[in-house]
Amino acid sequence: MSGPYVIRGSVTLPESELTWRFSRSSGPGGQHVNTSDSQVELRFDLAATDALPQVWKDRALERLAARLVGGVIAVRASEHRSQWRNREMAAVRLASLLAEATAPPPKARRATRIPRGINERRLREKKQRGDTKRGRSARGWD
């Protein structure tokens, strides 16, 4: 791999906790496909890791619950002919997936009222538009 993959801030994916699996890809490559293991599957044990702060880990486990199998998340890449490029792609995908899953929840929206002037202006413009359209009809030209 080309280096540590940053999840967010100073937290990175630990190389020692990543499990790689390679297999034959059905993607591009012609006859080369039949002889090389270019498809990459990257696994990361999210439930057992100590690389993430506990708050992030809990948040990720909750948000990625549908994708986890026994606390392990798997990412597959087979777009490229090269195993090395597929490895890069899988690692980047995993890092971005974890970054998204560990992000803090957005601030709650504070409910506000629409100002009366804005509502009145909207209704006045709607009335004018209706009058314009009504004036285009051929009624009353007899």
Side-chain angles (χ1 to χ4, degrees), residues 1-15 17-34 36-142:
M1 284 185 8
S2 68
Y5 288 94
V6 177
I7 295 173
R8 201 170 55 250
S10 62
V11 180
T12 59
L13 275 174
E15 290 277 340
E17 295 184 22
L18 299 178
T19 308
W20 299 92
R21 206 171 98 198
F22 308 102
S23 59
R24 296 213 170 111
S25 175
S26 63
Q31 292 176 344
H32 176 72
V33 161
N34 302 327
S36 64
D37 294 338
S38 59
Q39 179 173 290
V40 174
E41 185 177 299
L42 176 59
R43 293 173 169 272
F44 180 66
D45 194 348
L46 187 59
T49 188
D50 291 327
L52 298 175
Q54 190 60 41
V55 177
W56 288 17
K57 189 169 151 180
D58 295 340
R59 204 179 288 156
L61 284 169
E62 181 184 326
R63 290 181 182 170
L64 297 174
R67 288 193 62 161
L68 296 175
V69 178
V72 177
I73 186 159
V75 176
R76 185 174 286 154
S78 63
E79 292 82 28
H80 302 288
R81 290 176 63 166
S82 159
Q83 185 190 96
W84 183 82
R85 286 177 67 186
N86 283 332
R87 284 175 68 125
E88 290 287 315
M89 188 72 111
V92 167
R93 254 189 226 151
L94 180 62
S96 66
L97 188 68
L98 288 173
E100 193 177 309
T102 59
K107 284 186 177 177
R109 183 186 174 278
R110 215 178 79 209
T112 56
R113 282 182 57 238
I114 298 174
R116 188 171 52 182
I118 289 176
N119 214 19
E120 287 174 356
R121 186 177 69 211
R122 180 182 64 85
L123 293 173
R124 189 172 54 250
E125 287 172 358
K126 276 182 72 165
K127 186 75 173 155
Q128 285 175 349
R129 184 77 179 143
D131 291 343
T132 302
K133 288 186 172 193
R134 201 172 305 111
R136 291 178 186 157
S137 71
R139 265 187 303 160
W141 284 35
D142 303 316

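Keep in mind that this is a model prediction, so the values were computed, not measured.
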- When rounded to the nearest 0.5 angstrom, what is the spacing between CG in D58 and CD in Q54? 4.5 Å
- salt bridge (Lys or Arg N to Asp or Glu O under 4.0 Å) between E15 and R87: does it pass, once the steps are laid out? CA-CA 13 Å; E15 290 277 340; R87 284 175 68 125; 5.9 Å; no
- Would a distance-only check, ignoring hydrogens and angles, find a side-chain to backbone donor-acceptor pair under 3.5 Å from R43 to A74? no
- Sort and list the pairs that fulfil salt bridge (Lys or Arg N to Asp or Glu O under 4.0 Å) and have at least one residue in residues 61-72, not counting sequence neighbours. none
- Item | Atom pair CZ/CD of R129 and E125 - distance to nearest 0.5 Å | 11.0 Å
- Message: If the test is salt bridge (charged side-chain N to carboxylate O under 4.0 Å, His left out), which one of E88, E41, E79 qualifies with R93?
- Response: E79
What pairs of donor and acceptor atoms, side-chain ones from residues 106-119 against any protein atom, are under 3.5 angstrom apart with sequence neighbours left out?
| residue | atom | partner | partner atom | Å |
| --- | --- | --- | --- | --- |
| N119 | OD1 | R122 | NE | 3.4 |
| N119 | OD1 | R122 | NH2 | 3.0 |

- Contact check, side chains of W56 and L98, non-hydrogen atoms, under 4.5 Å: no
- Any donor-acceptor N/O pair, T49 side chain to L46 backbone, under 3.5 Å: no
- Task: State the CG-CG distance between L64 and L97, to the nearest 0.5 angstrom.
- Result: 5.0 Å
- Query: Is it true that atom CD of E100 has more than 12 heavy atoms of other residues, nucleotides or ligands lying nearer than 6.0 Å?
  - Reply: no
- Query: What heavy-atom pair brings V40 and A90 nearest, and what distance separates the two atoms?
  - Reply: CG1-CB, 4.2 Å
- Compare all side-chain heavy atoms of F44 with those of P14 and state whether any distance is below 4.5 angstrom. yes
- Heavy-atom distance under 4.5 Å between the side chains of S23 and R76, does that happen here? no
- Message: Quick check: do R85 and S38 have side-chain heavy atoms less than 4.5 Å from each other?
- Response: no
- Decide yes or no for N86 and Q39: does some side-chain heavy atom of the first lie under 4.5 Å from some side-chain heavy atom of the second? no
- Task: Could you tell me whether the side chain of T19 reaches within less than 4.5 Å of the side chain of D45, counting heavy atoms only?
- Result: no
- Does some side-chain heavy atom of Y5 sit less than 4.5 Å from a side-chain heavy atom of T12? no
- Scanning both residues in full, the closest heavy-atom pair of G9 with V6 reads O-CG1, 3.4 Å
- Message: A side-chain contact here means heavy atoms from C-beta on lying under 4.5 Å apart; do W20 and L42 qualify?
- Response: yes
- Side chain of K57, backbone of D50: donor and acceptor closer than 3.5 Å? no
- Note on the structure: What one should report as the nearest heavy-atom pair of P53 and V11 is CD-CG2, 4.3 Å
